[in-house]
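See below for the structure under consideration.
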Number of protein chains: 2
Amino acid sequence: MTTHTKHMSADERRTATVEAVVELAARHNPSEITTTAIARQMGVTQGALFKHFPTKEAILEAVMGWVAERLLARVDQAAAAATSPLLALEAIFMTHVDFVAEHPGVPRVMFGELQRARMSAPKRMAQALIRRYGERLHRLIEAGKASGELSSSIDTAAAVTLFVGTIQGLVMQTMLAGDVRRIRNEAPGVFALYRRAIGSRP
Amino acid sequence: MTTHTKHMSADERRTATVEAVVELAARHNPSEITTTAIARQMGVTQGALFKHFPTKEAILEAVMGWVAERLLARVDQAAAAATSPLLALEAIFMTHVDFVAEHPGVPRVMFGELQRARMSAPKRMAQALIRRYGERLHRLIEAGKASGELSSSIDTAAAVTLFVGTIQGLVMQTMLAGDVRRIRNEAPGVFALYRRAIGSRP
DNA sequence: TGATAGTAAGTAAGTAATTACTATCTTACA
DNA sequence: TGTAAGATAGTAATTACTTACTTACTATCA
């Protein structure tokens, strides 16, 4: 319940800034997201941003933190509700796809940070997020192999790479088509193929 | 066998410019590839670029043309030498991985162009390349289903998306590790999973 | 309670640096 | 010698960030 005041609190403004970046990234190239564009999206002057963030990089750092927290929380929640490793992988997949469909700018910002030449705080956070995500997948796949639900002959590292790449492929299709709804429609078919790839054969 | 002259011909310079961009993209964020950086990579002043290209966008257009021509030629050559649809898909996969390992900047430039907000000539060329690439995959997968080599129950469109995403996933791993050789090492394992996903079961 | 001083949040108008691109002059080769 | 290729030194526009000033909320105290 935000009262209609002209001034926001520092915390509200920081959150609003992060959300503005995520929304802008859905329609614009991350490298074209200038501080002026962020401020305009928020209905505020450009200089006002620097009351809450020392640099633009600090803004991107906050964005990466926002993404890591929300994505991992939802993914963990989905996995916890599942009753087997394979079902957990499917739940994670669909949850991730939902997240990307809700926030199409997120994978673009992530990829943009990873592409940076020099190491930076936001790039480090993007790497850390993918590493943590990969560890969760690795554990689930190993558990699935142990329980016999997944084929014990598959390469776990390759299965992790394929999982992440599968979502990347869906994101790419979305960017090609320019239609966000498409990712939700195509996701089940693509995961069905992934299940064929890793599942044990009857 | 370029003779040691100070002035290059227009055609040589255009090719050298494209190669400079591809080399720069291997180490730098595509949006950080300025005309100054391109010129420095070529050992030439920045203004000299505009003797051969009217705009920077025209340079990127030439880059996309260079990529489309070389990648599709190599992919077609690899597919033609294969004796079955599945072997053709494997040959295309490995050829593509080789191409990316040789030119790690290429997928970054491609992805960067696709991310652009407004339509542009290079973006259109990137979309056209992926479309043509996808059509080739589509035909091969359909042929494989007809011959019984691939499962007839799989979704062909999803299989195309998964193929492209699989390579994207390998590229992402490369960017995370910062080590180009890794993609060649991991490629066979990942394709083995892809084969499990689409192949008919014995 | 109600005036008021202090402060956080915001504005407006700057800065230097960098960008793509250009005008003018110079060099090298056929 | 004429011309294409390149060098030099610009241009206006845009970038992240700053400075000086103004507004709105809040805690304090008579």
Side-chain angles (χ1 to χ4, degrees), chain A residues 1-21 24-25 28-64 109 112-113 116-118 120-123, chain B residues 1-21 24-25 28-64 109 112-113 116-118 120-123:
Chain A
M1 62 176 66
T2 49
T3 55
H4 186 273
T5 54
K6 196 165 182 185
H7 286 191
M8 274 189 182
S9 78
D11 268 1
E12 285 172 328
R13 207 38 118 188
R14 284 180 62 93
T15 305
T17 305
V18 167
E19 286 167 356
V21 171
L24 278 173
H28 295 83
N29 192 337
S31 63
E32 289 165 7
I33 298 177
T34 64
T35 53
T36 304
I38 299 170
R40 192 185 311 126
Q41 171 82 17
M42 301 168 69
V44 133
T45 60
Q46 187 237 14
L49 292 186
F50 293 90
K51 294 285 171 183
H52 307 291
F53 296 94
T55 63
K56 186 189 179 184
E57 188 174 297
I59 296 177
L60 293 172
E61 216 176 317
V63 171
M64 295 311 307
V109 173
E113 286 306 316
R116 290 227 122 81
R118 290 172 300 184
S120 65
K123 179 176 178 177
Chain B
M1 64 217 75
T2 49
T3 56
H4 186 274
T5 54
K6 198 164 182 185
H7 285 191
M8 271 190 184
S9 77
D11 268 1
E12 285 173 328
R13 208 36 119 188
R14 283 180 62 93
T15 305
T17 305
V18 166
E19 285 167 356
V21 171
L24 279 172
H28 295 83
N29 192 334
S31 64
E32 288 165 6
I33 298 178
T34 65
T35 53
T36 304
I38 298 170
R40 193 187 308 124
Q41 171 83 16
M42 301 167 69
V44 133
T45 60
Q46 187 235 14
L49 291 186
F50 292 90
K51 294 284 171 183
H52 308 290
F53 295 94
T55 62
K56 187 189 180 185
E57 187 174 297
I59 296 177
L60 294 172
E61 215 177 317
V63 171
M64 295 312 307
V109 173
E113 286 305 316
R116 291 228 122 79
R118 289 171 301 183
S120 64
K123 179 174 178 179

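Convention: sequence-line order gives letters A, B, ...; per-chain numbering from 1. All heavy atoms count here, side chains included; hydrogens, waters and symmetry mates do not.
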Output yes when at least one side-chain N/O atom of B:R13 is less than 4.0 Å from OP1 or OP2 of D:dA4, else no. no

Would you check if A:S120 and A:E61 make a side-chain contact, meaning some heavy-atom pair closer than 4.5 Å? no

Measure CD/B:E12 against C1'/D:dA4 and give the value in whole Å, please. 13 Å

Write down the distance between CD (B:E32) and C1' (D:dT15), rounded to a whole number of angstrom. 14 Å

Tell me the interatomic distance from A:I59, atom CD1, to D:dC17, atom C1', rounded to whole angstroms. 11 Å

Give the minimum heavy-atom separation between A:G112 and B:N29, together with the two atoms involved. O-ND2, 3.8 Å

Looking at B:T35, I'd like to know whether one of its side-chain N or O atoms comes within less than 4.0 Å of OP1 or OP2 on C:dA20. yes

Measuring only between side-chain heavy atoms, which start at C-beta, is B:R13 closer than 4.5 Å to B:V44? yes

Between C:dG10, D:dG6, D:dC17, spot the one nearest the side chain of A:F50, thanks. D:dC17

A:T55, nearest nucleotide to its side chain (from C:dA9, D:dA7, D:dC17): D:dC17

Extract from the structure each pairing of a protein N or O with an N or O of nucleotides 9-14 of chain D at less than 3.5 Å, listing the distance.
none

Calculate, to the nearest 0.5 Å, the distance between atoms NZ and CG belonging to A:K56 and A:L49 respectively. 10.5 Å

Take atom CD1 of A:I38 and atom P of D:dA16, then tell me their distance rounded to the nearest Å. 8 Å

For residues A:L60 and A:K123, determine if any side-chain heavy atom of one lies less than 4.5 Å from a side-chain heavy atom of the other. no

I need the CZ-P distance between A:R40 and C:dA12, as an integer number of Å. 15 Å

Of the nucleotides D:dG6, C:dG10, C:dC21, which has the atom closest to the B:K56 side chain? C:dC21

Would you call A:M42 and A:I38 a side-chain contact if the rule is heavy atoms closer than 4.5 Å? yes

Do B:S31 and A:E32 have side chains that get closer than 4.5 Å, going by heavy atoms? no

Any side-chain N or O of B:H52 below 4.0 angstrom from OP1/OP2 of D:dG6? yes

Between B:K51 and B:E57, which residue's closest nucleotide on DNA chain C lies nearer the 5′ terminus? B:E57

Please give, in whole Å, the distance from D:dT19 C1' to A:L49 CG? 16 Å

